[in-house]
Asks: 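Got a structure for you, questions after.
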Amino acid sequence: QVQLVESGGGLVQAGDSLRLSCAASGRTSSTYSMGWFRQAPGKEREFVATITWSTGTTLYAVSVKGRFTISRDNARNTVYLQMNNLKPDDTAVYYCAASTTAVVVTSKMRYDYWGQGTEVTVSS
């Protein structure tokens, strides 16, 4: 089992920045990549970004590319999501997830473990 705990959400204004953290514990060696997803009220959970533990390969959703940066600290088993130039459309609950699939994946169906989520609200 792998446990994931997110932190760093909050209420900010448009144009501000936030950094989310996701601390992983348990059998983290079984995971290949970590991802961030988000779910706005009344909408489906959507992919935001992903990174592999070993090579640091990243992939981003078009909507956040150039504004968000995913990174990892292998020594701390922690993944970060730096979010810059936030927009009201970024308002959502952000979830951290871990995948044991040995390729870079963006589908939420390919992620095996999930955190409880952290809320991000961006006011205009």
Side-chain angles (χ1 to χ4, degrees):
Q1 289 291 331
V2 175
Q3 294 78 42
L4 304 173
V5 179
E6 303 100 331
S7 61
L11 171 63
V12 296
Q13 293 187 328
D16 285 350
S17 298
L18 270 179
R19 189 177 82 155
L20 306 183
S21 300
C22 173
S25 61
R27 293 189 61 195
T28 56
S29 61
S30 68
T31 61
Y32 178 80
S33 62
M34 299 290 291
W36 285 98
F37 289 76
R38 65 186 182 186
Q39 188 166 15
K43 294 189 176 181
E44 294 286 323
R45 190 170 298 188
E46 65 175 5
F47 168 77
V48 175
T50 186
I51 188 168
T52 61
W53 283 117
S54 58
T55 62
T57 299
T58 59
L59 195 63
Y60 295 92
V62 171
S63 59
V64 306
K65 196 169 186 179
R67 299 188 298 123
F68 291 11
T69 302
I70 189 171
S71 61
R72 91 280 193 221
D73 184 335
N74 291 47
R76 297 176 184 269
N77 286 330
T78 300
V79 174
Y80 305 96
L81 185 68
Q82 177 67 43
M83 305 186 294
N84 298 329
N85 190 22
L86 282 160
K87 305 175 180 180
D89 283 349
D90 296 318
T91 294
V93 177
Y94 283 72
Y95 296 91
C96 173
S99 175
T100 60
T101 302
V103 292
V104 177
V105 291
T106 61
S107 169
K108 58 181 180 288
M109 302 302 291
R110 305 297 293 273
Y111 284 80
D112 306 282
Y113 304 99
W114 292 84
Q116 82 289 350
T118 185
E119 191 165 0
V120 173
T121 303
V122 184
S123 64
S124 57

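When reading the values below, keep in mind they use all heavy atoms of this one structure, side chains included, and skip hydrogens, waters and symmetry mates.
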Asks: For residues 55-63, which side-chain N or O atoms pair as donor and acceptor with protein atoms under 3.5 Å away, sequence neighbours left out?
Replies:
from  : atom 1 : to    : atom 2 : distance (Å)
Thr55 : OG1    : Thr52 : OG1    : 2.9
Thr55 : OG1    : Thr57 : N      : 3.4
Thr55 : OG1    : Thr57 : OG1    : 2.7
Tyr60 : OH     : Ile70 : N      : 2.9

Asks: Between Thr78 and Ala23 (side chain of the first, backbone of the second, donor and acceptor by atom type, cut-off under 3.5 Å), is there such a pair?
Replies: no
Asks: Can you list everything that forms a side-chain hydrogen bond (donor to acceptor under 3.5 Å, both in side chains) with Arg27? Sequence neighbours excluded, please.
Replies: none
Asks: May I have all residue pairs that pass disulfide bond (SG atoms under 2.5 Å apart) and include part of residues 17-71, sequence neighbours excluded?
Replies: Cys22-Cys96
Asks: Say whether Phe47 and Ile51 are linked into one hydrophobic cluster, either directly or through other cluster members, by side-chain heavy-atom distances under 4.5 angstrom.
Replies: no
Asks: Only pairs at least two apart or in different chains count here, so list each ring-ring contact (aromatic ring centres under 6.0 Å, His included) that has a residue in residues 67-101.
Replies: none
Asks: Excluding sequence neighbours, so at least two apart, what forms side-chain hydrogen bond (donor to acceptor under 3.5 Å, both in side chains) with Asp112?
Replies: Thr100
Asks: With distance as the sole test, does Glu6 use its side chain to make a donor-acceptor pair with the main-chain N or O of Gln116 at under 3.5 Å?
Replies: yes
Asks: To the nearest 0.5 Å, tell me how far Ser124 OG sits from Lys87 NZ.
Replies: 13.5 Å
Asks: What ring-ring contact (aromatic ring centres under 6.0 Å, His included) pairs are there with at least one residue in residues 98-117, not counting sequence neighbours?
Replies: Phe37-Tyr111, Phe37-Trp114
Asks: Find the distance between CE (Met109) and OG1 (Thr101) and round it off to the nearest 0.5 Å.
Replies: 11.5 Å
Asks: Got Ser30 and Val2 here, is their nearest side-chain heavy-atom distance under 4.5 Å?
Replies: yes
Asks: Report the residues that fulfil ring-ring contact (aromatic ring centres under 6.0 Å, His included) with Tyr32, sequence neighbours left out, ordered by chain and then residue number.
Replies: none
Asks: I'd like to check the side-chain hydrogen bond (donor to acceptor under 3.5 Å, both in side chains) partners of Ser123; sequence neighbours left out, ordered by chain and number.
Replies: none
Asks: Which heavy atom in Glu44 sits nearest to a heavy atom in Lys108, and how many Å separate them?
Replies: OE1-NZ, 4.1 Å
Asks: List the residues meeting side-chain contact (heavy atoms from CB on, under 4.5 Å) with Ser29, not counting sequence neighbours, and say none if there are none.
Replies: none
Asks: Name every donor-acceptor pair, under 3.5 Å, that has one atom in a side chain of residues 11-21 and the other anywhere in the protein, sequence neighbours excluded.
Replies:
from  : atom 1 : to    : atom 2 : distance (Å)
Asp16 : OD2    : Gln13 : N      : 3.1
Ser17 : OG     : Asn84 : OD1    : 2.9

Asks: Does any pair with a residue in residues 65-76 pass side chain to side chain donor-acceptor pair (under 3.5 Å), and if so which ones, sequence neighbours excluded?
Replies: Arg67-Asp90, Arg72-Asn74, Asp73-Arg76
Asks: Mind checking what makes side-chain hydrogen bond (donor to acceptor under 3.5 Å, both in side chains) contact with Glu46, not counting sequence neighbours?
Replies: Arg38
